[in-house]
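Worksheet: the structure to be examined is printed underneath.
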There are 2 protein chains.
Amino acid sequence: MSLLENLHWRYATKKMNGTAVPKEKLDYILEAARMAPSSSGLQQYKVIVISDQALLEKIKDVAYNQSQIADCSHLLVFAAWDEYTEERISNVFNYIMDERNLPHSTMDGYKNTILDLYATKGKEWQAHHAAKQSYISFAMAIAAAAEQKVDATPIEGFLPEKLDELLKLKGTGYKSTVILPLGYREEDNDWLLNMKKVRMPTESFITEMTLADAADTAELPMDINLDVFIQK
Amino acid sequence: MSLLENLHWRYATKKMNGTAVPKEKLDYILEAARMAPSSSGLQQYKVIVISDQALLEKIKDVAYNQSQIADCSHLLVFAAWDEYTEERISNVFNYIMDERNLPHSTMDGYKNTILDLYATKGKEWQAHHAAKQSYISFAMAIAAAAEQKVDATPIEGFLPEKLDELLKLKGTGYKSTVILPLGYREEDNDWLLNMKKVRMPTESFITEMTLADAADTAELPMDINLDVFIQK
């Protein structure tokens, strides 16, 4: 099945049946999450995998009692950097340069550009920015699960501070951003399964624009060259 | 090819050759973006498609002169709500209820829950929250392009306020969040193509946790029931 067919097959499963997801399918989904692109290639997030029933029950308590969290096979918790620091960026870039057999200094200019751009934005902006990258990875996990015919429920409905406390994330530099229970639908007991999947119509969702639709802007400031290294 | 193989095939193309992406492939990519899940099913974003060369040149000017923007076939601009308002949420929910032949009032409780949750967070948080949803759609477009063997460059390196000005987004309730040129790699002239794709090793990216690793939390406040309707 194509990605598009898989997107039609999937839905935000409301009731799971407790069946275990085989390890090879779980590993495939995690590998897709790992291979997602991220801003500047920083991979400023990670994934915590939980299948321990007792811990899942505790997480359910901080996630509005949503049943999928206890009835899933594995819960993926996406967690992103809480801020950008020179040390964190250097660690990633140095690792990339080592893997590419290039000197660490290759990335110095770009690293400074990033720090200049981000440092001015404040810590909350930085955490949001890192969290956005985790959503790309999260989306790849959703697509990979659908490809494997594993059900998944994208969930933002949890108390992130409580979850961070529970998972001892405080002080690690990571904050939980979004969670994804993986498992199998309980067909007879899922009110959403047979509801029509609704999306904005194409004509509202997509707009085509030409120069005639654009503003007549004058000169614009161009003082940074980012065409050095973005992401791969 | 599987999603994972497609993720290995793709890379953030640095140099495109100007070849046009066929309409059926473009439509497929846009349809994958449209079918992405979003928080509460609100689809609080849309996609602007630009192939007009003169407009692409102007966008390049506000995007650090990155050549892909002028050399792509089509540029996708993702734009998300700048805030949550009762009217916007009602419009979407009413549409969904109409499509499902349910009374509009079905969603009243959930709508108020969302407004209560989001209104306390401030407009900047709301814009970030909507932007995050657009990243899921963005990721689906990246995956769909790779499946179609269309190259794409995920780009955050642009001046969003200038782009919003250029595309006359100000006052529409949408802000640009991220852009994606679609086209074809110029193999002989792309420095990134033959660089090793580097990701954090699995053992750093994935952490498994059990109850023994978690904090010993006491009771936690549970006063909202979100298990009403999330997304499909």
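Every chain is numbered from 1 and lettered A, B, ... according to where its sequence line falls, protein lines coming before strand lines. Values reported hereafter were calculated over all heavy atoms of this structure, with side chains retained and with hydrogens, waters and symmetry mates removed.
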Quiz item: Nearest 0.5 Å, what's the OG-CG distance between B:S2 and A:L3?
Solution: 11.5 Å

Quiz prompt | Residues forming a ring-ring contact (aromatic ring centres under 6.0 Å, His included) with A:F205, sequence neighbours excluded | solution = B:Y45

Quiz item: Would you say B:Y11 and A:P37 make side-chain contact, with heavy atoms under 4.5 Å?
Solution: no

Practice problem: With a 4.5 Å cut-off on heavy-atom pairs, point out which of A:K132, A:M200, A:R34 contacts chain B the most. | Solution: A:R34

Quiz item: How far apart are the closest heavy atoms of B:F138 and A:I136, and which atoms are they?
Solution: CE2-CD1, 3.8 Å

Quiz item: How many angstroms lie between CG in A:L4 and CE in B:M140, if you round to the nearest 0.5 Å?
Solution: 11.0 Å

Practice problem: Go through A:K46, A:Q43, A:E208 and name the one with the most non-hydrogen pairs under 4.5 angstrom from chain B. | Solution: A:Q43

Quiz item: Which answer fits A:L102, side chain, backbone, both or neither, if we ask what part of it has an atom under 4.5 Å from a heavy atom of chain B?
Solution: side chain

Exercise. For residues 142-154 of chain B, pull every pair meeting salt bridge (charged side-chain N to carboxylate O under 4.0 Å, His left out), keeping only residues two or more places apart or in separate chains.
Key: B:D151-B:R185

Quiz item: Should we count NZ of A:K175 as having more than 12 external heavy atoms under 6.0 Å?
Solution: no

Quiz prompt | Which atoms of B:S137 approach chain A - backbone, side chain, both or neither, heavy atom under 4.5 Å | solution = side chain

Quiz item: Is the closest side-chain heavy-atom distance between B:S134 and A:Y135 below 4.5 Å?
Solution: no

Quiz item: Does B:E124 CD have over 12 foreign heavy atoms under 6.0 Å away?
Solution: no

Exercise. Against chain B, label A:A33 side chain, backbone, both or neither, depending on which of its atoms sit under 4.5 Å from a heavy atom there.
Key: both

Quiz item: So which of A:V178, A:N6, A:L167 has the biggest tally of heavy-atom pairs under 4.5 Å with chain B?
Solution: A:L167

Quiz item: Checking side-chain contact (heavy atoms from CB on, under 4.5 Å) for the pair A:R199/B:E31: CA distance, chi angles, key distance, verdict?
Solution: CA-CA 10 Å; A:R199 293 291 185 271; B:E31 184 63 5; over 6 Å; no

Exercise. Output the distance between atom CE (B:M195) and atom CD (A:E99), rounded to the nearest 0.5 Å.
Key: 13.0 Å

Quiz item: Should the pair A:H128 and B:H128 be assigned to parallel (<30°), tilted (30 to 60°) or perpendicular (>60°) ring geometry?
Solution: parallel

Practice problem: Report the distance from atom OG of A:S39 to atom CD1 of B:I155, rounding to the nearest 0.5 Å. | Solution: 11.0 Å

Exercise. Considering only heavy atoms and a distance below 4.5 Å, find which of A:I50, A:T177, A:I206 pairs most often with chain B.
Key: A:I206

Quiz item: Side chains of A:M209 and B:L55: closer than 4.5 Å at any heavy-atom pair?
Solution: yes

Exercise. Write down the atom of A:A32, the atom of B:L7, and the distance for their closest heavy-atom approach.
Key: O-CD1, 3.6 Å

Quiz prompt | Any side-chain heavy-atom pair of A:K197 and B:R100 under 4.5 Å | solution = no

Quiz item: chain A heavy atoms under 4.5 Å from B:H129: which part of the residue, side chain, backbone, both or neither?
Solution: side chain

Quiz prompt | Between CD on residue A:Q53 and OG1 on residue B:T210, distance to nearest 0.5 Å | solution = 13.0 Å

